[in-house]
Protein chains: 2
Amino acid sequence: MSIQTTIKALSDPTRRQILDLLKSGSLSAGQICEKFPVSGAAISKHLSVLKDADLIRDTREGKYIIYELNASVLEEVMLWLTDLKGE
Amino acid sequence: MSIQTTIKALSDPTRRQILDLLKSGSLSAGQICEKFPVSGAAISKHLSVLKDADLIRDTREGKYIIYELNASVLEEVMLWLTDLKGE
DNA sequence: CTTTCGTTTAACCCTTTGGTTAAGTATAGT
DNA sequence: ACTATACTTAACCAAAGGGTTAAACGAAAG
């Protein structure tokens, strides 16, 4: 995954909030939806952007789809930022 | 400056390249332009986005406008990322 | 097997974004 | 005072982004 894909995914506030939510534990798409004042379709699209960036992973559990955070790809961004900051 | 403004500014590859350039030292708008295959107007707009985000500062020197990196605002982004990664 | 529930995909609508060219502003040099 | 140089701003355009509603899909339950 490119740093471009990662940062683009991070550039929307709703998506960052979703990541913040998942920090405390995995949630189903529906549970995530409840937290935002937008349609399920909108959230579903955000989730797919985050998934394409590999910032989240999903697994189906029965009729639910559970999303979990994958923070490991943030490493690349951190490195770039650290380098930019110089030391 | 909000983290939103900062990340949005970072979300364009040309703007990130500009920041990378300025890491090695301050440059005039024209010198920055030379490095990119787009019009001066396009670069000027990128510079203004970076400036609004306080990621760069400018000072006029004669007929040149010199841009310098201001990496300090990256701290907030770093903190958010670090928190998300969970130490 | 049909229905219901959870979620995604399709089709669409605006707004934002990143580019262009052309015109404007500011400083330097003649 | 003019002209050239350095850069920005204005006006415009096509593409991308984030939202909506409605249709489709997958698994479970009746």
Side-chain angles (χ1 to χ4, degrees), chain A residues 1-22 25-70 73 77, chain B residues 1-22 25-70 73 77:
Chain A
M1 296 299 161
S2 69
I3 197 172
Q4 174 60 19
T5 307
T6 309
I7 296 189
K8 217 72 200 299
L10 296 177
S11 75
D12 178 82
T14 301
R15 286 196 290 266
R16 286 200 306 280
Q17 283 181 253
I18 292 174
L19 296 176
D20 279 330
L21 270 177
L22 293 176
S26 301
L27 293 172
S28 72
Q31 288 174 312
I32 296 170
C33 278
E34 289 169 10
K35 316 279 186 172
F36 299 92
V38 294
S39 70
I43 294 299
S44 186
K45 284 206 287 187
H46 282 309
L47 290 171
S48 113
V49 171
L50 291 170
K51 199 180 147 187
D52 285 348
D54 201 32
L55 281 160
I56 58 176
R57 305 264 171 79
D58 66 334
T59 53
R60 184 174 273 277
E61 288 188 10
K63 62 179 175 176
Y64 301 98
I65 298 179
I66 306 297
Y67 285 93
E68 67 176 323
L69 184 62
N70 174 38
V73 291
V77 180
Chain B
M1 296 297 161
S2 69
I3 196 172
Q4 175 60 19
T5 307
T6 309
I7 296 189
K8 216 74 201 298
L10 296 178
S11 75
D12 179 81
T14 301
R15 287 195 293 267
R16 285 200 308 281
Q17 282 182 254
I18 291 174
L19 296 176
D20 279 331
L21 271 177
L22 293 175
S26 300
L27 293 172
S28 71
Q31 289 174 312
I32 295 170
C33 277
E34 288 169 10
K35 315 279 185 173
F36 298 92
V38 294
S39 71
I43 295 298
S44 185
K45 284 205 287 186
H46 281 309
L47 290 171
S48 116
V49 170
L50 290 170
K51 200 180 147 185
D52 285 349
D54 201 31
L55 281 161
I56 58 176
R57 306 263 171 77
D58 65 333
T59 54
R60 182 173 274 276
E61 288 188 11
K63 63 177 174 176
Y64 301 97
I65 299 179
I66 306 297
Y67 286 93
E68 68 176 322
L69 184 62
N70 174 37
V73 291
V77 180

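Note that these values count all heavy atoms, side chains included, but never hydrogens, waters or copies made by symmetry. Every chain is numbered from 1 and lettered A, B, ... according to where its sequence line falls, protein lines coming before strand lines. Because the structure is a prediction, the values reported are computed rather than measured.
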If the helix axis at each end comes from five base pairs, how far does the helix from C:dC1-D:dG30 to C:dT30-D:dA1 deviate from straight, to 10°?
10°
Mind checking which nucleotides bracket the chain B contacts on DNA chain C, 5' to 3', with an atom under 4.0 Å from a heavy atom?
C:dT17 to C:dA28
When you match A:Lys45 and B:Ile66 each to their closest nucleotide on DNA chain D, which lands nearer the 5' end?
B:Ile66
Atom OG1 of A:Thr14 and atom CG of A:Leu50: how far apart are they, to the nearest 0.5 Å?
10.0 Å
Is B:Asp12 close to B:His46 at the side-chain level, that is, under 4.5 Å between some pair of heavy atoms?
yes
Flag, side chain of B:Arg60 to backbone of B:Gly62, donor-acceptor distance under 3.5 Å:
yes
Please work out if A:Ala29 contacts a base, only the sugar-phosphate, or nothing of the nucleic acid, heavy-atom cut-off 4.0 Å.
sugar-phosphate
Tell me the interatomic distance from B:Glu34, atom CD, to D:dT5, atom C1', rounded to whole angstroms.
13 Å
Quick one: label A:Tyr67 by what it contacts on the DNA or RNA (base, sugar-phosphate, nothing), any heavy atom closer than 4.0 Å.
sugar-phosphate
At what distance, to the nearest 0.5 angstrom, does CG of A:Leu47 lie from CG of A:Asp52?
11.0 Å
For D:dC7, take OP1 and OP2 only and decide whether either is under 4.0 Å from a side-chain N or O of B:Arg60.
no
Residue-phosphate contact under 4.0 Å: A:His46 side-chain N/O, D:dG19 OP1/OP2:
yes
Report the residue (A:Lys63 or B:Leu47) whose heavy-atom-nearest nucleotide on DNA chain D is the more 5′ of the two.
B:Leu47
Sub-3.5 Å donor-acceptor pair from the side chain of B:Arg16 to the main-chain atoms of B:Ala9, do we have one?
no
A:Ile43 atom CD1 is separated from D:dG18 atom C1', nearest whole Å, by 11 Å
Would you indicate what A:Lys51 reaches in the nucleic acid, counting non-hydrogen atoms under 4.0 angstrom: base, sugar-phosphate, or nothing?
nothing
Working to the nearest 0.5 Å, report the span between NZ of B:Lys51 and CG of B:Asp58.
3.5 Å
How many angstroms lie between atom CG of B:Asp20 and atom CD1 of B:Ile18, to the nearest 0.5 angstrom?
10.5 Å
Could you give the CD-to-P distance, from A:Gln17 to D:dG18, as a whole number of Å?
14 Å
Between P on D:dT5 and OH on B:Tyr64, what's the gap in Å once rounded to a whole number?
11 Å
Looking at every strand, decide which applies to A:Ser28 at a 4.0 Å heavy-atom threshold: base, sugar-phosphate, or nothing.
sugar-phosphate
When the distance from CD of B:Gln4 to P of D:dG18 is rounded to whole Å, what number comes out?
9 Å
Kindly compute the distance separating OG1 (B:Thr59) from CD (B:Glu61), expressed to the nearest 0.5 Å.
5.0 Å
Name each donor-acceptor pair under 3.5 Å that joins a side chain in residues 26-45 of chain A to protein atoms two or more places apart or in another chain, with its distance.
from	atom 1	to	atom 2	distance (Å)
A:Ser28	OG	A:Gln31	N	3.1
A:Ser28	OG	A:Gln31	OE1	3.4
A:Gln31	OE1	A:Ser28	N	2.9
A:Ser39	OG	A:Ala42	N	3.1

Figure out the CD1/P separation between A:Ile65 and D:dC25, and round it to whole Å.
15 Å
Nearest 0.5 Å, please: how far is CD1 in A:Ile7 from CG in B:Leu10?
5.5 Å
What is the distance, to the nearest angstrom, from the CD1 atom on B:Ile32 to the P atom on D:dA6?
14 Å
